[in-house]
**Student:** 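Take this structure, written in structure tokens, and hold onto it; I'll ask about it next.
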Amino acid sequence: MRVNGKGLIDRSAPVGFTFDGVRYDGFEGDTVASALLANDIRLVGRSFKYHRPRGVLTAGSEEPNALITVGRGAEAEPNTRATVQEVFEGLEAVSQNRWPSLGLDLMAVNDLAAPFLGAGFYYKTFMWPRAFWEKLYEPVIRRAAGLGALSGLPNTDRYERAWAHCDLLVIGAGPAGLMAALVAARAGLDVILADEDARMGGRLLAETHAVAGKPGHGWVAEVLAELSSMENVRLMPRTTVTGAYDGGTYGALERVGHHRPRDDARRPRECFWRIVTRRAILCAGAIERPVAFRNNDRPGVMTAGAVRAYLNRWGVAPGRTVTVFGNNDDAHRTARDLVAAGVHVAAVIDSRPGVTLEGFRVISGAEVCNASGAKALESITIRHQGREEKIATDCLAMSGGWNPSVHLTCHMNGRPTWAGDILSFVPSPGAIPGMDVAGACNGAFSTAACLREGAEAALRAAEALGKRAAMPDLPLAEDDPYRIAPLWHVPGKGRAWLDFQNDVTVKDVKQAAVENFRSVEHMKRYTTQGMATDQGKNSNVAALAVLADATGRGIPETGTTTFRPPYVPVSIAAMGAGAEGPGFAPQRFTTSHKAATERGAPMIEAGLWYRPSYFPAPGETTWRQACDREVAMVRNAVGICDVSTLGKIDIQGPDAAQLLDFVYTNTFSTLAQGRVRYGLMLREDGFVMDDGTTARLGEQHYVMTTTTAAAGLVMKHLEFVHQCLRPDWDLSMISVTEAWAQFAVAGPKSRELLNGLLDQPIDDATWPFMSCGKIAVQGIEGRLFRISFSGEHAYEIAVPARYGDSLFRLLVARAEGMGGGLYGMEALNVLRIEKGHITHAEIHGRTTAFDIGMGRMVSQKKDCIGKTMSERPGLMDPERERLVGLRPVGAVRQILAGAHLFNEGDAAVRVNDQGYVTSTCFSPTLGDTLALAFLKRGPERYGEKVRMVDHARGVETLCEVVNPVFFDPEGGRVRG
Amino acid sequence: MRITCPICGARDSREFSYRGAALALQRPAPDAGDDAWADYVHLRENPAGDTRELWYHEGGCGAWIVVTRNTVTHEVRSAELAAEVAR
Amino acid sequence: MVELIAKSACDGLLPKTIGSLTLSEAAPEAITSVTPFRGQEAAVSEALKAQIGAAWPAPNRMTGRAGARVVFSGRGQAFVLGPRIAPIAGAALSDQTDAWASVELSGTGAADALARLVPIDLRPGVFRQGHCARTLIFHMPGLVMHTGQDRYGLMVFRSMARTLVHDLESAMEAIAARG
């Protein structure tokens with residue numbers, strides 16, 4: 001029910017929205033919760049386990065009951081707190097966890113079974129038979145329990161992430177936060193003021209107190225006007241600071257799009273901020289705790305502060321006849337504000353004896369012991385001087401006291417301290433380096449104390465940052481004492497709720513204690529108290545008070561569970577924003593990418609690079625047809641392949657040669673200028689890291705080639721060796737991978753092709769195998785390397801990348817005119833397997849130079865990275881699995897990579913394992929399947945037969961062990 | 001977590017990649033023996049307290065850095081250029 | 001006879017204007033990396049001054065002016081963005097002209113858009129004009145330069161040009177759509 005003349009909503013701006021399909025009206029400034037209460041909607045959801053009818057409990061982000069789904073289809077957002085969701089024209093909200101409808105929920109049968117469903121019920125009941133766990137129990141339990149449901153559709157919404165930096169982050173814009181921001185900003189600090197509410201002001205918007213002689217919200221408006229006029233202040237409303245992390249970094253979730261229609265598809269729903277700050281002041285306020293009594297979860301039972309907030313901020317009376325129940329003076333304010341606004345207050349029940357107040361009926365020394373009414377509160381029963389009395393009421397405002405929001409101070413292992421005067425925990429000083437605490441979250445509850453603490457914390461922050469700041473004249477504000485007496489739960493029969501969201505009652509916590517789950521962490525997990533999306537914000541302190549009582553210990557001794565980030569639920573979409581689709585990882589494209597895709601080449605990802613798999617020709621229907629043709633082309637004519645993705649590292653300086661000798665197993669200081677050498681690189685533990693060719697371009701100038709996959713790794717390794725092991729060596733290294741477009745020109749006609757393009761023709765005498773040097777194409781200077789991965793007479797030609805597309809197209813046209821053409825990764829793989837050349841399929845991190853038959857490449861004349869460890873007896877053992885070739889000899893002509901090898905006649909079981917297959921292909925050149933494999937004592941076993949067994953794919957064949965160089969073992973072809 | 005690169009200044013930890021204990025700087029002589037090499041390659045302390053670690057400013061200037069960090073408080077106490085520490 | 005045709009790194013991708021922001025390709029005439037050998041820093045700085053009128057920069061700084069800048073590009077290394085330079089005794093030079101995709105983001109809110117992608121402190125009072133940084137641009141290692149009022153130069157490896165444009169475009173759109 002709206003109350004005339006109250007509230008900060010804009011009554012000139014009506015807003016229509018729907019809840020469960022029914023249209024309601026609210027006003028600009030309403031939340032869904034306030035608008036539903038204004039429309040006298042009390043029942044808004046069903047509880048998690050028992051499907052109990054539930055209404056709005058709070059007025060903030062801690063709300064455990066009023067969870068709704070907003071939007072529909074792919075846009076549906078489940079578990080939205082109605083107390084946070086602002087209304088806007090056209091908003092569609094539906095209730096959750098009920099079937100078929102909110103009013104008639106058949107799953108509410110669970111509530112009747114409640115005597116059996118207490119803490120530990122699932123653990124005890126669904127133990128046997130074991131086979132039922134996954135097939136029966138879990139699906140049934142999951143269907144019965146739960147909150148909102150995901151749409152199951154891909155999320156089409158945008159999210160974003162962003163960074164912000166400041167001198168001072170003020171968390172919370174209530175009286176303490178506003179004062180802190182103001183003082184710090186006036187002192188010249190760069191300030192970010194973040195508040196999770198749409199409207200800044202905190203409790204000053206929910207109370208009737210005057211500040212500096214004007215209404216609280218009026219003072220707030222003045223402060224915000226000053227702050228927003230300052231260049232050094234950034235106001236971040238709708239932004240919840242969710243976590244405190246190392247080094248002054250804070251996580252924060254900003255709701256960017258939730259409060260308005262989706263009229264721009266580019267607008268993010270949320271932004272997840274990383275805020276890096278030199279200092280922070282936590283002004284997060286406090287959360288009121290309920291009192292546990294029988295049926296205290298009835299719709300209409302709310303926290304007293306929330307009732308006051310609905311009245312004062314939103315102009316809503318949550319009931320027509322309100323009762324108030326509490327153990328502290330603050331609860332009385334609710335009664336006073338209601339009466340002043342003309343709302344009937346039936347009674348104020350205070351658990352403390354001797355309380356007298358004027359203006360309404362006060363029942364002192366009494367307790368509420370039951371609440372009645374199924375889907376809405378109808379009456380309460382109070383117990384007073386041994387007698388029970390029923391009072392008709394449709395709204396009970398309860399207060400068990402206020403818990404400072406200490407959460408963020410505990411995110412780096414801090415533990416809060418028990419404060420007996422306020423019967424709650426307060427932050428321990430210094431829990432987060434660089435963070436100060438002020439106001440209600442520090443246990444200072446009066447407005448005057450909040451203003452003072454905020455100002456003082458700002459002064460400390462300014463001083464720490466070397467800025468001068470003056471203590472301002474603090475505005476005059478209420479400074480009432482906060483008096484409270486312990487009241488955690490009202491004894492009696494029936495169920496009294498602690499954790500509304502996970503349906504945990506006083507009885508459950510006691511049961512946990514009886515079953516010896518006495519540690520608060522154990523109690524939490526046994527009962528699930530505090531494990532719902534509200535993370536126990538409403539229930540933690542009361543639950544551990546009950547546990548403390550049940551175990552005969554004090555509350556400080558019982559302690560709290562661990563508060564971890566995030567403070568409120570954060571969607572994964574926000575944390576991972578941008579990192580999907582093309583934003584998932586950088587996509588690296590070669591200069592020939594466009595030309596390759598124009599020819600219909602399917603792309604495969606090689607690290608971050610996209611490389612063509614094969615180039616389908618007209619009439620070809622399978623990749624094998626294209627691959628076989630491309631291989632034959634290279635062997636018989638000439639093929640073109642983009643090899644720009646291989647890493648290229650430019651190494652220059654007086655000590656360049658020395659470095660290469662140290663990182664490669666073989667020697668490069670002896671390499672002649674204009675020549676190229678194959679090199680093998682080990683890790684310090686003696687296993688192979690990478691291989692590639694290195695060319696000597698000048699006396700002190702080399703260019704190293706790495707594999708595509710290991711380019712970054714090798715660069716990092718070289719920098720490590722230089723900076724950490726040989727810092728006195730004078731040399732320079734820089735990646736030039738991207739500077740050059742480099743293409744393999746391979747095949748018997750490769751030189752003929754090049755000579756049609758190069759400004760100066762080449763011949764065998766000036767460009768022998770493993771030579772390199774400068775060339776020019778139409779005056780464009782490039783580099784030519786006579787090297788070969790295919791085993792053919794081949795070159796790699798490099799030009800500045802800007803000419804890559806153009807040169808590529810030229811090369812392809814020329815090759816095609818000579819009976820050749822493009823080849824892709826599949827053909828490249830076949831060509832290298834035919835030659836027994838290794839890739840990272842073979843040098844996979846567990847193989848040594850010895851294993852791949854390159855033991856003699858480890859020079860005995862010098863030290864190198866990995867040399868000492870590679871000489872360990874275990875790494876030189878002839879019994880090791882070593883590189884061999886395999887050819888099928890049985891009826892089955894298939895060899896599969898990953899399959900294991902066994903001796904003929906041995907059972908195909910682990911203990912008989914002789915090795916494994918790493919690479920296989922069909923060789924069109926040799927007309928048969930070939931494979932590279934690692935086999936125990938491999939090179940000693942040429943001619944033997946071994947069984948290849950692939951248990952996973954059910955393939956078995958007999959293979960002959962052969963030299964891994966299947967084709968042209970003499971190597972005559974590369975020399976042309 | 002933030003690391004102050006001696007060259008670039010304070011940066012978010014995502015700009016850096018981690019290698020392990022700064023022991024890696026003390027490479028034994030080739031003939032130092034099996035124990036010395038096994039210690040160097042495989043054995044690492046796991047202290048509750050200050051550790052010296054190698055980080056690489058991979059998303060930055062490319063410097064290798066020796067970071068002294070407390071494993072209990074997560075405090076980053078200092079960061080020095082590995083090339084200078086190694087000298 | 002054949003002719004090789006040059007294509008820039010962002011060929012076909014730019015320019016783009018979204019809201020108040022414009023993203024355009026801004027490739028310098030040449031990019032040359034310069035790494036002085038031991039003890040040669042001062043001599044190299046003099047040589048650079050003689051060739052293009054800009055001295056060796058401190059870390060996170062650039063010297064010179066548009067069209068002839070020397071930009072800190074890493075440990076003991078700087079990029080000359082401008083005319084091709086002649087060899088310098090005492091320094092390793094490497095032609096990086098084609099290795100990078102270079103773009104410029106300009107307009108009101110440029111720093112806000114960059115803050116979606118770049119983890120460093122971009123506040124104008126901290127990352128001033130003339131400052132630069134080797135840092136991350138979303139997932140990519142890159143170079144960020146503050147070249148003028150609401151004007152930033154960005155460089156990533158050439159092969160990542162498309163991702164750079166994609167990521168910046170997303171950030172620009174998000175800024176524009178906030179309204």
Side-chain angles (χ1 to χ4, degrees), chain A residues 158 160-166 190 256 264-268 271 274 276 578-579 582-591 608-609 644-645 650 652-654 700-701 723 728 730-741 756-757 777-780 799-807 810, chain C residues 1-9 11-12 18 31 33 35-39 73-77 91-101 112 114-123 125-126 138-140 156-164 166-167 170-171 173-174 176-179:
Chain A
R158 288 249 196 134
E160 74 174 341
R161 280 187 275 178
W163 293 87
H165 299 256
C166 58
D190 264 0
V256 182
D264 188 339
R266 304 171 308 170
R267 183 186 302 133
C271 180
R274 271 102 174 166
V276 182
F584 177 70
Q587 294 178 303
R588 301 181 79 176
F589 298 108
T590 62
T591 56
L608 300 175
W609 289 99
S644 310
T645 61
D650 186 271
Q652 299 184 46
Q700 297 186 359
H701 191 185
Q723 295 179 38
D728 289 329
D730 196 8
L731 60 104
S732 136
M733 290 183 280
I734 187 167
S735 168
V736 288
T737 307
E738 304 260 358
W740 299 95
L757 274 177
V777 179
Q778 278 302 294
I780 306 300
V799 291
R802 77 186 71 175
Y803 300 110
D805 175 75
S806 184
L807 179 64
L810 273 175
Chain C
M1 258 324 268
V2 300
E3 194 187 345
L4 292 184
I5 300 155
K7 271 191 177 179
S8 71
D11 181 66
I18 299 167
I31 304 171
S33 75
T35 308
F37 291 123
R38 182 136 315 133
S73 63
R75 175 184 169 268
Q77 183 198 72
L93 268 56
S94 136
D95 182 3
Q96 294 276 317
T97 312
D98 289 31
W100 299 87
D112 290 333
L114 278 187
R116 267 67 196 159
L117 306 171
V118 177
I120 64 167
D121 190 345
L122 292 165
R123 281 177 289 165
V126 176
F138 205 36
H139 296 133
M140 296 171 289
V156 299
F157 286 143
R158 179 190 189 99
S159 66
M160 301 182 185
R162 217 191 283 185
T163 299
L164 177 69
H166 167 271
D167 292 349
S170 302
E173 284 180 350
R178 279 188 178 233

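Side chains included, hydrogens not; waters and symmetry mates left out as well; all remaining heavy atoms used. We name chains A, B, ... by the order of the sequence lines, and we start the count at 1 in each one.
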**Student:** Please check this pair: side chain of C/Thr163 against backbone of A/Pro586, looking for a donor-acceptor N/O pair closer than 3.5 Å.
**Tutor:** no
**Student:** Under 4.5 Å from any heavy atom of chain A, what part of C/Val126 do you find: side chain, backbone, both or neither?
**Tutor:**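 Contact with chain A involves no heavy atom of C/Val126 at all.
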**Student:** Please check: side-chain N/O of C/Gln96 versus main-chain N/O of A/Ser735, any donor-acceptor pairing under 3.5 Å?
**Tutor:**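 Yes, because the side chain of C/Gln96 sits within donor-acceptor range (under 3.5 Å) of the backbone of A/Ser735.
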**Student:** Does the side chain of A/Gln723 come within less than 4.5 Å of C/Arg75's, by heavy atoms?
**Tutor:**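 Yes, their side chains come closer than 4.5 Å.
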**Student:** Relative to chain A, which of C/Ala9, C/Ala92, C/Pro119, C/Ala174 shows the most heavy atom pairs under 4.5 Å?
**Tutor:** C/Pro119
**Student:** Is A/Arg267 salt-bridged to C/Glu173, going by a charged N under 4.0 Å from an acidic O?
**Tutor:**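 C/Glu173 and A/Arg267: not salt-bridged.
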**Student:** Under 4.5 Å heavy-atom distance to chain A, tell me which part of C/Phe37 shows up: side chain, backbone, both or neither.
**Tutor:**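 For C/Phe37, the contact with chain A is made by backbone and side chain together.
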**Student:** Is chain C contacted by the side chain of A/Leu807, its backbone, both, or neither, given a heavy-atom distance below 4.5 Å?
**Tutor:** both
**Student:** Taking side chain as everything from C-beta outward and backbone as N, CA, C, O, which of these in C/Asp121 sits under 4.5 Å from a heavy atom of chain A? Side chain, backbone, both or neither.
**Tutor:**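 Contact with chain A: backbone and side chain both.
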**Student:** Can you say whether C/Arg38 sits under 4.5 Å from chain A via the side chain, the backbone, both, or neither, judging by heavy atoms?
**Tutor:** both
**Student:** So which part of A/Ser732 gets closer than 4.5 Å to some heavy atom of chain C, the side chain, the backbone, both or neither?
**Tutor:**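 It is both, since atoms from each part get that close.
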**Student:** Taking the side chain as every heavy atom from C-beta outward, state whether C/Arg158 and A/Arg802 have any pair of such atoms under 4.5 Å apart.
**Tutor:**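 Side-chain contact under 4.5 Å: yes.
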**Student:** Counting only heavy atoms closer than 4.5 Å, note whether A/Glu160 contacts chain C via side chain, backbone, both or neither.
**Tutor:** side chain
**Student:** For A/Arg158, which atoms come within 4.5 Å of any heavy atom of chain C: side chain, backbone, both, or neither?
**Tutor:** side chain
**Student:** Is it the side chain or the backbone of A/Pro268 that comes within 4.5 Å of chain C heavy atoms, both, or neither?
**Tutor:**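 For A/Pro268, the contact with chain C is made by the side chain alone.
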**Student:** Is there side-chain contact between C/Met160 and A/Phe589, with at least one heavy-atom pair below 4.5 Å?
**Tutor:** no
**Student:** Between A/Thr591 and chain C, with a heavy-atom cut-off of 4.5 Å, which part of the residue counts as in contact: side chain, backbone, both or neither?
**Tutor:** side chain
**Student:** Looking only at non-hydrogen atoms, find the nearest pair between A/Gly583 and C/His166 and report the distance.
**Tutor:**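 That closest heavy-atom pairing would be N-CE1, 3.7 Å.
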**Student:** Would you call A/Val736 and C/Ser94 a side-chain contact if the rule is heavy atoms closer than 4.5 Å?
**Tutor:** yes
**Student:** So which part of C/Asp95 gets closer than 4.5 Å to some heavy atom of chain A, the side chain, the backbone, both or neither?
**Tutor:**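 For C/Asp95, backbone heavy atoms alone lie under 4.5 Å from chain A.
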**Student:** For chain A, which of C/Ser159, C/Ala99, C/Ala177 has the most heavy-atom pairs under 4.5 Å?
**Tutor:** C/Ser159
**Student:** Do the side chains of C/Asp98 and A/Glu738 get nearer than 4.5 Å, heavy atoms only?
**Tutor:** no
**Student:** Output the option from C/Val156, C/Leu114, C/Leu93 having the highest count of non-hydrogen pairs under 4.5 Å with chain A.
**Tutor:**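 When all of C/Val156, C/Leu114, C/Leu93 are compared, C/Leu93 has the most.
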**Student:** Looking only at heavy atoms and a cut-off of under 4.5 Å, which of A/Asp264, A/Ile734, A/Thr737 has the most pairs with chain C?
**Tutor:**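 The candidate making the most pairs under 4.5 Å is A/Ile734.
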**Student:** Using non-hydrogen atoms only, which part of C/Ile120 is less than 4.5 Å away from chain A: side chain, backbone, both, or neither?
**Tutor:** backbone
